[in-house]
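When a residue number appears, it is its place in the shown sequence, counting from 1.
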Amino acid sequence: MVNFMVFCCLRDSSRRTLYPPFPPVVFRHFSLWSMKKDPDLESALSRNRRWIVNNQIKNIILRCPHQVAPVKFLQKKFKTLDLQGKALNWLKKYPCCFEVYLRHDEYYCQLTKPMMHLVDEEECVKDMQGPVYVERLARLLMMSTNQRLNVVKLNELKRNFGFPDDYVIRIVAKYGDMFRIVNHSGRKSSMEIELVSWKPDIAISSVEALAQKQGSEPRFSCSLPSTWVKSWERFHAFNATPYISPYSDPSGLVEGSKELEKRSVALVHELLSLTLWKKASIVKLAHFRREFCLPEKLNVMLLKHPGIFYVSNKYQIYTVLLREGYNGSDLIEKDPLVVVKEKFGELMQEGSHEYNRRRYLVNLEKKRKNGMLMGRLEKRRDTSGEVSEQDNQGDKLGGLFDPEERKRFYKVLFEDNPPET
């Protein structure tokens with residue numbers, strides 16, 4: 001290949017007028033990211049997307065002084081939210097959530113009263129769910145190789161697990177008998193949370209807990225149509241090997257072996273089962289590759305098991321969902337925090353319907369006015385048509401322009417005796 005390109009360059013240098021230079025050849029290595037679309041799960045992602053964006057806007061407004069944010073400030077944050085267009089137009093789409101007003105020639109935004117009630121309800125749920133968050137964080141640390149996780153990395157997934165923004169103070173510092181902060185270098189980016197004591201009673205995965213209830217061996221479940229024959233065959237072959245707990249020590253497993261893959265699948269399954277929406281960003285999960293001993297090509301492993309995981313590229317964000325966590329597009333088991341957040345979604349939907357109704361009435365009024373104007377124009381056209389039609393009749397034979405009528409006119413004019421009447 002190299003010799004061929006050198007030959008082409010020499011040929012082009014000697015005969016430039018006859019042979020234009022070849023474009024550079026670029027080789028790219030693409031990863032396998034395709035999976036058959038599931039309309040129900042895609043719908044769930046689409047519904048969650050609008051909620052996630054508005055929830056982030058809500059958090060930004062709550063952090064502003066007096067919980068009021070200039071719309072210009074929110075416009076700057078739109079890039080980080082992967083949104084385009086004007087922030088003012090987006091906020092006006094949800095009048096039940098965001099109240100926009102004009103002051104001193106500048107737009108400001110604050111949360112509405114129903115929205116503030118949901119914020120208070122969400123805080124109450126977080127206070128009540130304290131022990132659940134403690135157990136959830138302990139499980140994450142127990143699945144890591146050295147029972148430690150970086151705080152900066154964990155912050156990327158804290159909302160997936162329902163942790164409050166101040167979880168380091170509310171959870172870690174409050175439960176010193178279970179967690180402690182470790183920072184050997186003194187840098188903020190190297191701060192880690194470490195598990196103080198192992199809890200064997202919670203080192204049980206969701207797959208193992210279900211097997212104990214059913215009195216059977218722990219096995220994965222498959223949520224694929226019966227027509228996917230080859231996928232079912234691969235799933236049965238994979239599920240036939242013994243289940244390996246994600247809380248087990250992976251140091252004795254050989255890299256690239258089926259046993260390590262079995263544990264990796266079990267670990268991702270357990271991570272997704274701990275999240276609120278049974279889903280997570282693949283890119284963010286890959287950040288914990290060393291901590292959780294995950295394969296380097298995590299996406300390839302997930303796509304090998306379509307009966308357990310569903311991979312989507314909705315909104316150009318690679319996301320993995322736990323299939324067994326959904327019934328169609330709805331979650332099967334809902335965390336109390338999810339129930340509150342769904343009320344937020346209903347409030348968003350109500351505001352969106354109100355916004356769409358207003359837009360419909362405005363457009364209807366515009367069409368009505370345009371219709372009246374068009375009616376006047378048509379009436380003018382009809383009137384002008386009648387006048388032109390009368391004028392055109394004068395051009396036809398008849399009246400003084402008719403030769404016979406002219407003869408009669410002149411005969412009457414010059415005759416001595418007038419015509420008898």
Is [Y] close to [X] at the side-chain level, that is, under 4.5 Å between some pair of heavy atoms?
X: L118; Y: L111; result: no
X: L141; Y: L149; result: yes
X: I181; Y: I193; result: yes
X: V119; Y: Q67; result: no
X: K199; Y: M178; result: yes
X: K279; Y: L45; result: yes
X: Y247; Y: P200; result: no
X: K262; Y: N239; result: yes

Do [X] and [Y] get their side chains close enough for a donor-acceptor pair, meaning under 3.5 Å?
X: E324; Y: H269; value: yes
X: T241; Y: K258; value: no
X: N89; Y: K92; value: no

> Given the rule in the side-chain contact (heavy atoms from CB on, under 4.5 Å) test, do Y94 and L347 qualify, once you have shown the distances and angles that lead to the verdict?
Replying inline: CA-CA 8 Å; Y94 304 98; L347 189 64; over 6 Å; no
Over all atoms of both residues, closest heavy-atom pair of [X] and [Y]:
X: Y326; Y: L321; value: CE1-CD2, 3.8 Å
X: R219; Y: V207; value: O-CG1, 3.4 Å
X: A138; Y: I202; value: CB-CD1, 3.8 Å
X: L267; Y: P246; value: CA-CB, 3.6 Å
X: L260; Y: C293; value: CD1-SG, 4.3 Å
X: L224; Y: S231; value: CD1-CB, 3.7 Å

> Step by step, would you call F163 with L157 a side-chain contact (heavy atoms from CB on, under 4.5 Å)?
Replying inline: CA-CA 9 Å; F163 296 153; L157 290 173; over 6 Å; no
>> List the residues meeting side chain to side chain contact (heavy atoms under 4.5 Å, CB included) with I204, not counting sequence neighbours, and say none if there are none.
In response: E208, A209, Q212
Please check if the number of heavy atoms outside [X] that lie under 6.0 Å from its [atom1] is greater than 12.
X: K304; atom1: NZ; answer: no
X: K72; atom1: NZ; answer: no
X: N327; atom1: CG; answer: no
X: R180; atom1: CZ; answer: no
X: E106; atom1: CD; answer: yes
X: D105; atom1: CG; answer: no

Can you tell me how far apart [atom1] ([X]) and [atom2] ([Y]) are? Round to the nearest 0.5 Å.
X: C109; Y: K58; atom1: SG; atom2: NZ; value: 13.5 Å
X: W228; Y: S223; atom1: CH2; atom2: OG; value: 11.5 Å
X: R159; Y: N59; atom1: CZ; atom2: CG; value: 5.0 Å
X: L74; Y: Q56; atom1: CG; atom2: CD; value: 12.0 Å

Please check: side-chain N/O of [X] versus main-chain N/O of [Y], any donor-acceptor pairing under 3.5 Å?
X: W232; Y: P225; value: yes
X: Q75; Y: A87; value: yes
X: N183; Y: R187; value: yes
X: R263; Y: S248; value: yes
X: N150; Y: K153; value: yes
X: T112; Y: C96; value: yes

With sequence neighbours excluded, tell me which residues meet salt bridge (Lys or Arg N to Asp or Glu O under 4.0 Å) with [X].
X: K174; value: none
X: R139; value: E135, E270
X: K341; value: E122

> Is there a side-chain contact (heavy atoms from CB on, under 4.5 Å) between L137 and V172 once you walk through the steps?
Replying inline: CA-CA 9 Å; L137 180 58; V172 179; 3.9 Å; yes
>> Listing request: all ring pair (Phe, Tyr, Trp, His ring centres under 6.0 Å) pairs with a residue in residues 175-195, at least two apart in sequence or in separate chains.
In response: none
>> Does anything in residues 293-312 form a ring pair (Phe, Tyr, Trp, His ring centres under 6.0 Å)? List the pairs, not counting sequence neighbours.
In response: F238-H305
>> Before you tell me yes or no, could you show the steps for M128 and V125 under side-chain contact (heavy atoms from CB on, under 4.5 Å), namely the whole-Å CA-CA distance, both residues' side-chain angles and the distance that decides it to 0.1 Å?
In response: CA-CA 5 Å; M128 295 174 58; V125 171; 5.6 Å; no
>> Taking the ring of Y133 and the ring of F161, is the distance between their centroids below 6.0 Å?
In response: no
> Under 4.0 Å between a Lys/Arg side-chain N and an Asp/Glu carboxylate O for E192 and R148?
Replying inline: yes
